[in-house]
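Values in this document were obtained by computation on a predicted structure and should not be read as measured data.
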Amino acid sequence: MGEELKKETIIDLSEYYKTKIRVSLVGGRELTGILGSYDKIPNVVLEDTVEDYNGNTRELGIVIVRGQMITAIMPDQVEETENPFTNK
């Protein structure tokens, strides 16, 4: 009973700190903003946030996103890689 369980982070976001990321949410909303802060759950704080939902966009500014609402976190700019399975 004396043992205390340590909570470990689900995902390491340190490489994205202060860079632009895209966050997909339950329900289909997508937020793009600069990762200002995060915790182990991971709840995230986005700065200069833009919301995209059903083809409509709106500027939100600073947003706190609960970790339970997040379905995916990814860099805003994804490098294109060559598909090794296609014929040239």
Side-chain angles (χ1 to χ4, degrees):
M1 266 184 35
E3 285 186 38
E4 210 174 294
L5 295 176
K6 269 190 176 177
K7 287 188 178 181
E8 294 184 25
T9 185
I10 296 169
I11 184 172
D12 183 17
L13 296 174
S14 60
E15 67 181 284
Y16 301 113
Y17 181 66
K18 294 295 183 188
T19 62
K20 201 174 212 180
I21 62 169
R22 194 176 313 163
V23 179
S24 297
L25 304 177
V26 172
R29 294 182 191 275
E30 194 168 275
L31 304 175
T32 303
I34 299 169
L35 180 62
S37 185
Y38 60 93
D39 62 14
K40 293 180 181 182
I41 294 177
N43 298 308
V44 297
V45 176
L46 297 176
E47 302 168 356
D48 300 326
T49 308
V50 176
E51 176 190 47
D52 186 9
Y53 184 62
N54 287 337
N56 299 316
T57 60
R58 64 180 179 153
E59 294 184 19
L60 301 177
I62 297 175
V63 176
I64 299 172
V65 185
R66 292 184 61 203
Q68 295 175 335
M69 299 302 296
I70 298 172
T71 59
I73 298 175
M74 63 205 95
D76 183 45
Q77 298 296 321
V78 179
E79 293 180 16
E80 189 173 327
T81 59
E82 185 178 318
N83 186 343
F85 301 105
T86 59
N87 293 331
K88 292 182 181 181

Please list all pairs meeting side-chain hydrogen bond (donor to acceptor under 3.5 Å, both in side chains) that have one or both residues in residues 53-62, counting only residues at least two apart or in different chains. Glu51-Arg58
In the single-linkage hydrophobic clustering (I, L, V, M, F, W, Y; side-chain heavy atoms under 4.5 Å), do Leu13 and Val63 co-cluster? yes
Quick one: side-chain hydrogen bond (donor to acceptor under 3.5 Å, both in side chains) partners of Asp48, sequence neighbours excluded? none
Is there a chain of hydrophobic side chains (I, L, V, M, F, W, Y, each step under 4.5 Å between heavy atoms) that links Ile64 to Val44? no
Under the side-chain hydrogen bond (donor to acceptor under 3.5 Å, both in side chains) test, which residues partner Glu15, sequence neighbours left out? none
Could you give the distance from CG (Leu31) to CG (Leu25), rounded to the nearest 0.5 Å? 4.5 Å
Let me check something: do Ile11 and Ile21 share a hydrophobic cluster, defined by ILVMFWY side-chain heavy atoms less than 4.5 Å apart, either directly or through other members? yes
Determine the minimum heavy-atom distance between Ile73 and Pro42, stating which atoms define it. CD1-CG, 4.4 Å
So which heavy atom on Gly36 is nearest to which on Glu47, and how close? CA-OE2, 3.7 Å
Partner set under side-chain contact (heavy atoms from CB on, under 4.5 Å) for Ser37, not counting sequence neighbours: Val45
Tell me which pairs pass side-chain hydrogen bond (donor to acceptor under 3.5 Å, both in side chains) where either residue lies in residues 61-76, with sequence neighbours left out. Arg22-Asp76, Arg66-Gln68
From Leu46 CG over to Leu35 CG, what is the distance, rounded to the nearest 0.5 angstrom? 6.5 Å
Same cluster or not: Leu60 versus Tyr38, using hydrophobic residues (I, L, V, M, F, W, Y) connected whenever any side-chain heavy atoms lie under 4.5 Å apart? yes
side-chain hydrogen bond (donor to acceptor under 3.5 Å, both in side chains) involving Asn43 - partner list, sequence neighbours excluded: Asp39
In a check of side chain to side chain contact (heavy atoms under 4.5 Å, CB included) between Ser24 and each of Met69, Met74, Arg29, which one passes? Met74
Run the side-chain contact (heavy atoms from CB on, under 4.5 Å) check on Ile70 and Val65 step by step: do they pass? CA-CA 8 Å; Ile70 298 172; Val65 185; 3.7 Å; yes
